[in-house]
Amino acid sequence: MVNRQTPSLSFEVFPPNPAVGNEKILQALKEMQDIAPHFISVTASNNKFNIEETTVRLADFIYNDLKIPTIAHLPAVYLTKDRVSHTLQALDRVGVHSVLALRGDIFPDVAPKDDFRYATDLIAYIKEEAPHFDIIGACYPEGHPDSPNQISDIQNLKKKVDAGCSSLVTQLFFDNERFYDFQDKCTLAGIEVPIHAGIMPILNRNQALRLLKTCENIKLPRKFRAILDKYEHDPESLRAAGLAYAIDQIVDLVTHDAAGIHLYTMNNSATARHIYQATHTFFDK
Ligand code: FAD
């Protein structure tokens, strides 16, 4: 689904807390429909919410009601093989046959289950249990935080791809040079599947602060830091500069033949539309 000659534009959305309800996200998704993204991926909670009631339900809506190709995320470190089989069957029933196979973060106070230590274990299991599924993997242009160095991370990524990934989606990044360097290293390591670049537009101060806290390994270029500093207390300018920065990144990436852009929309259809309007000429050809 995600292997193409021209770059693809795809979106990521997340299911809201079930207590909040789906009304807002369903509306946002309807507003994204006429952009016709190449696919939408739906994140999944790692340990907090039931994946069938959240991710699978939303994936069902995107795939069957909006007719947009859909990828369901599946973090497995806190799942048993039975639970994973159950989720794959639920996806099968609604016709969604693409999975972003993930380990998921390990929380220090919650012991992992024994069945899936790494994403590679999950991929091997899906290949056996449901070989008709398309499997996508996650990757980290600036290294995964658990890895001692980028070399071992890329060696593990090679094992993951060999286990059965048809493509990869990156963690968000703000420095395209890091992405190009990573791509080159993947090629040297024999990783030949398409790599979709994860781009997150920064739209407000809280989002920026959260990001700075959780993504210590991600380089923030001087140009990006200047935006955060200068417009910290000017929400309108911060949003405008954040969107412009993301658009600039995307133009550079497609010019350098990136396989695709995966936009972390934060469920915001106005953001997706704004970026699409500024860049659609690169994706529609
Ligand atoms: P893995 O590929 O298993 O890698 C984890 C670490 O283990 C790495 O350091 C790797 O180098 C190392 N490793 C891998 N294989 C081996 C091996 N055989 N031997 C030794 N070391 C090994 N999380 C969610 O909870 N829900 C989501 O919906 C979600 N969506 C995401 C989408 C994208 C595009 C990305 C990039 C991340 C997403 N995450 C999500 C976060 C992800 O779950 C975490 O980053 C997690 O810590 C790693 O997951 P992984 O599948 O990349 O792990």
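Counting convention: from 1, in listed order, for ligands and their atoms alike. Residues take their numbers from the sequence shown, with the count starting at 1. For clarity, every value in this text was computed on a predicted model and none was experimentally measured.
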Write down the atom of Met32, the atom of Pro37, and the distance for their closest heavy-atom approach.
O-CD, 3.7 Å
Got Leu66 and Lys30 here, is their nearest side-chain heavy-atom distance under 4.5 Å?
yes
Transitive ILVMFWY side-chain link Phe11 to Leu29, under 4.5 Å
yes
Quick check: Ala119 and ligand 1, any N/O pair under 3.5 Å apart?
yes
For atom 34 (C) of ligand 1, which of the options Tyr264, Phe116, Phe14 provides the nearest non-hydrogen atom?
Tyr264
Return the residue, atom name and 0.1 Å-rounded distance of the protein heavy atom closest to atom 25 (O) of ligand 1.
Asn46 CB, 3.1 Å
Is there at least one pair of N or O atoms, one from His144 and one from ligand 1, spaced under 3.5 Å apart?
yes
Would Tyr140 and Tyr118 show up in the same hydrophobic cluster when neighbours are defined by side-chain heavy atoms closer than 4.5 Å?
no
Using 30° and 60° as the class limits, which term best fits the ring planes of Phe133 and His97: parallel, tilted or perpendicular?
perpendicular
Mind checking whether Asn156 contacts ligand 1 via backbone (N, CA, C, O), side chain (CB onward), both or neither, at a 4.0 Å heavy-atom cut-off?
side chain
Short list, please: which atoms of ligand 1 are under 4.0 Å from a heavy atom of Asp146?
9 (O)
Contact with ligand 1 for Tyr140, non-hydrogen, under 4.0 angstrom
yes
Is ligand 1 under 4.0 Å from a heavy atom in the side chain of Leu100, in the backbone, in both, or in neither?
side chain
From atom 4 (O) of ligand 1, is the closest protein heavy-atom distance below 4.0 Å?
no
Considering both backbone and side-chain atoms of Thr43, is one of its nitrogen or oxygen atoms within less than 3.5 Å of a nitrogen or oxygen in ligand 1?
no
Between Arg103 and Asp121, is there a salt bridge with N-O shorter than 4.0 Å?
no
Does this structure show an ion pair linking Asp115 with Arg83, if we count only N-O contacts that are shorter than 4.0 Å?
no
If the cut-off is 4.0 Å to any non-hydrogen atom of Ala138, which atoms of ligand 1 fall inside it?
35 (C), 36 (C), 52 (O)
Backbone or side-chain N or O of Gly104 under 3.5 Å from ligand 1 N or O:
yes
Under 3.5 Å: donor-acceptor pair, side chain of Asp60, backbone of Val56:
no
Closest candidate by heavy atom, reference atom 2 (O) of ligand 1, pool His196, Arg103, Lys160
Lys160
Write out the residue and atom name of the closest protein heavy atom to atom 24 (C) of ligand 1, then the distance separating them to 0.1 Å.
Ala44 O, 3.7 Å
Heteroatom proximity flag, Pro75 to ligand 1, N/O under 3.5 Å:
no
Nearest heavy atom to atom 30 (N) of ligand 1: which of His73, Lys159, Gln150 does it belong to?
His73
Should Arg57 and Val94 be marked as a side chain to side chain contact (heavy atoms under 4.5 Å, CB included) after you check the CA-CA gap, both sets of side-chain angles, and the distance that decides it?
CA-CA 9 Å; Arg57 196 171 283 182; Val94 300; over 6 Å; no
Name the one of Ile247, Ile199, Ile35 that satisfies side chain to side chain contact (heavy atoms under 4.5 Å, CB included) with Ile275?
Ile247
Single-linkage hydrophobic cluster, 4.5 Å side-chain cutoff, Tyr78 and Leu74 together:
no
Tell me which protein heavy atom sits closest to atom 44 (C) of ligand 1, plus the residue, atom name and distance to 0.1 Å.
Asp105 OD1, 3.2 Å
Looking only at heavy atoms, is any part of Ser147 under 4.0 Å from ligand 1, and if so is it the side chain, the backbone, or both, or is it neither?
both
Side chain or backbone, does Asp153 bring an N or O within less than 3.5 Å of an N or O on ligand 1?
yes
Residue, atom and distance of the protein heavy atom nearest atom 18 (N) of ligand 1 read Tyr118 CD1, 3.7 Å
Among Phe282, Phe179, Tyr180, which one satisfies ring pair (Phe, Tyr, Trp, His ring centres under 6.0 Å) with His256?
Tyr180
Between the side chain of Asp175 and the main-chain N/O of Pro221, is any donor-acceptor distance below 3.5 Å?
no
Nearest-contact summary for atom 29 (C) of ligand 1 - protein heavy atom, Å:
Leu102 CD1, 3.4 Å
